[in-house]
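Before any comments, here is the structure.
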Amino acid sequence: MNHSRFQEVCDVLENCNYRGDYFQITFRSRLITPGVKAGQFVHIQLPDMPHLTLRRPFSVFDASTDEGTLSVIYKVVGAGSTALAAVERGKRISLLGPLGNGFPATPIGRGIIIVAGGYGCASTYLIARGAAQPGVCLLGARNKADILVEDAFAATGFRVHISTDDGSCGHQGLVTELLDRVLTETAGASPVTYACGPNAMLDAVADMCLARDIEAYLSYDMNMCCGVGACFTCVMKRKADNADGWEYVRTCRDGPVIDAREVYREDGTT
Amino acid sequence: MAEVSLETRLGDVILKNPVVTASGTFGYGKEYADLVPLEKLGGITVKGVSPFPSHGNTPPRTGEVFAGLINSIGLQNPGLDRFMNHEDYLPFLRTVDTAVFINIWGRTIDDYVAVAAALDSESEGIAALEINISCPNIKEGGSSFGTNLTLAGKVVEAVRNATSLPLITKLSPNVTHVADFARCVVDHGSDMISVINTYPAMSIDINTRRPCVSTVAGGLSGHAIKPIAVKIVYDVARAVDVPIIGMGGIYSAEDAIEFMLAGADAVAIGTALFSDPGTPLDVIAGIKTYLESWGINDVADIVGTVLTV
């Protein structure tokens with residue numbers, strides 16, 4: 001069997017506070033790193049926590065095959081991420097990956113639009129770094145403290161626009177308001193949109209792109225258990241050719257990236 | 001000293017070693033194929049198959065609790081036709097050099113019979129059927145059969161009449177005396193027993209005030225249920241004289257050996273796979289080391305050898 005996914009015990013090279021409640025952890029990973037595509041994730045086993053029986057999935061933020069390093073950005077929100085934040089350099093941690101389908105490759109000569117809400121930026125950075133040509137990156141968050149990695153995006157040559165709910169940075173309002181403007185500006189370049197963020201944001205991105213007949217790929221975040229498609233925990237509805245018109249697909253294996261045209265909406269839209 | 005033998009006989013079914021995967025935790029095998037060398041496993045038990053495709057339950061479907069996991073997947077599956085014919089399911093499993101157990105379920109006795117009869121007619125590569133009468137997460141069928149002695153006997157008898165494949169019956173822990181159910185299903189034609197399925201359980205997020213699964217309650221697995229499972233294996237082993245596959249919170253060789261001492265001929269790994277897919281291989285290696293350290297040549301020689309006086 002060709003191995004595309006690996007279970008690898010990785011040295012922690014760095015685990016530092018990135019900003020506010022956000023941390024960045026970097027691993028030495030020789031096996032997983034070379035296969036990583038934008039939008040894929042790794043499933044991290046929490047060390048020394050046998051009473052927490054599940055791994056924690058995190059999008060790969062950055063990966064370097066030359067250096068054999070892989071990093072994720074995470075927010076401390078619960079018992080698992082709190083435990084992860086306490087991990088020190090030199091600790092050996094088991095990773096599964098790369099998992100999930102990832103975003104499709106960016107097309108040459110067309111507009112590229114990245115829309116990231118909150119730490120959705122973590123799963124979209126590799127799109128910008130590997131893009132066929134620079135495009136536009138729209139970062140949205142509640143406030144300035146939650147705007148992450150704008151410098152990294154800017155360094156890829158992408159134009160970065162920011163929105164915050166409270167106006168503490170960039171446009172005051174929703175990131176989809178920026179998207180509306182950008183879709184109008186770039187309509188002639190038959191753009192492709194790549195998005196990751198809260199589900200409500202993804203729904204809005206899908207609506208706007210589908211209304212204009214623009215290709216869009218959305219990365220969903222669902223609770224996961226196995227991470228490899230075996231347990232059927234992380235399902236979401238996708239359109240299907242059956243009596244109900246939908247089926248549950250596994251976000252971890254059939255996703256997390258879904259073509260906006262395939263997402264089944266409960267309200268019957270699109 | 002002679003090489004230690006891990007070969008395990010479950011009646012007419014011969015396993016390379018006593019370690020199999022538990023239904024519902026290993027998909028249909030293919031999901032783990034590039035992470036786990038499937039041919040090294042004693043066997044694979046696939047996710048439950050019904051005659052009809054099933055969406056399963058509305059998410060959320062699982063919640064992590066202290067030392068355990070509550071699940072309410074609701075037996076999502078592609079249905080019998082697709083399971084038997086699509087390359088991701090039975091045709092793939094036929095290419096794997098290990099024992100394959102097909103877990104079957106339905107809403108009615110006829111459903112169970114339909115699956116059993118169809119698999120009986122295309123039985124190449126199938127080591128046994130595991131009759132699931134103990135899933136706590138579906139409204140009809142499942143544990144409504146497994147918590148009623150009369151119905152349990154009827155389901156097993158009907159399946160027995162529909163197939164000559166070896167039959168395992170997976171029992172619920174949620175009855176007063178599991179041993180009574182073990183006797184009943186053996187009397188009605190079950191060749192083996194697997195115990196335990198998950199235990200009904202509930203957990204509430206105190207901030208959202210919502211249960212962790214959409215069905216309010218689900219089935220508890222993981223470390224938390226291990227001592228309960230060991231006790232049930234012990235009770236069942238004293239009640240019936242058929243092979244037993246023990247499961248419930250096995251994470252290590254030490255856990256597995258405990259089940260075997262209590263009376264399990266083989267063991268199944270479930271929830272532990274989610275934290276470490278390598279668990280079955282570690283358990284196999286650890287059992288071998290244990291046997292060597294005690295100078296025991298045949299793994300069967302430890303089964304049921306717990307000292308109680």
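Naming: A, B, ... by sequence-line order, numbering from 1 per chain.
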> By a 4.5 Å heavy-atom criterion (distance strictly below it), what part of Val213(B) contacts chain A: side chain, backbone, both, or neither?
Replying inline: neither

>> Can you tell me which portion of Phe66(B) sits under 4.5 Å from chain A's heavy atoms? Options are side chain, backbone, both or neither.
In response: both

> Counting only heavy atoms not in Asn223(A), do more than 12 fall under 6.0 Å of its CG?
Replying inline: no

> Quick one: what part of Leu46(A) sits under 4.5 Å from any heavy atom of chain B, side chain, backbone, both or neither?
Replying inline: neither

> Of all of Glu247(A), Arg253(A), Lys237(A), which one pairs up most often with chain B through heavy atoms under 4.5 Å apart?
Replying inline: Arg253(A)

> Looking at Phe232(A) and Lys47(B), what are the two nearest heavy atoms and their distance?
Replying inline: CD1-CE, 3.6 Å

>> Working to the nearest 0.5 angstrom, can you tell me the gap between Arg250(A) CZ and Gln76(B) CD?
In response: 8.0 Å

> Once you round to the nearest 0.5 Å, how far does CG of Asp276(B) lie from OG of Ser94(A)?
Replying inline: 6.0 Å

>> Take a 6.0 Å sphere around CZ of Arg19(A) and say whether it holds more than 12 heavy atoms from other residues, nucleotides or ligands.
In response: yes

> Hey, what do you get for NE2 (His223(B)) to OG1 (Thr53(A)), rounding to the nearest 0.5 Å?
Replying inline: 5.0 Å

>> Using heavy-atom distances under 4.5 Å, tell me whether Pro277(B) contacts chain A through its side chain, its backbone, both, or neither.
In response: both

> Taking Arg5(A) for the side chain and Leu35(B) for the main chain, is one N or O donor matched with an acceptor at less than 3.5 Å?
Replying inline: no

> More than 12 foreign heavy atoms under 6.0 Å from NZ of Lys16(B): is that the case here?
Replying inline: yes

> For Gln7(A), is it the side chain, the backbone, both, or neither that has a heavy atom closer than 4.5 Å to a heavy atom of chain B?
Replying inline: both

> If you draw a 6.0 Å radius around CD in Glu88(A), do more than 12 non-hydrogen atoms from other residues or ligands fall strictly inside?
Replying inline: no

> Among Val235(A), Thr233(A), Thr251(A), which residue meets the side-chain contact (heavy atoms from CB on, under 4.5 Å) test with Pro59(B)?
Replying inline: Val235(A)

>> Is Arg55(A) close to chain B through its backbone or its side chain, or both, or neither, when contacts mean heavy atoms under 4.5 Å?
In response: both

> Counting only heavy atoms not in Asp221(A), do more than 12 sit closer than 6.0 Å to its CG atom?
Replying inline: no

>> Check this for me: Arg142(A), atom CZ, are more than 12 non-hydrogen atoms of other residues, nucleotides or ligands nearer than 6.0 Å?
In response: no

> How are the rings of Tyr248(A) and His55(B) set relative to one another: parallel (under 30°), tilted (30 to 60°) or perpendicular (over 60°)?
Replying inline: perpendicular

> How many angstroms lie between SG in Cys231(A) and CD in Glu31(B), if you round to the nearest 0.5 Å?
Replying inline: 10.0 Å

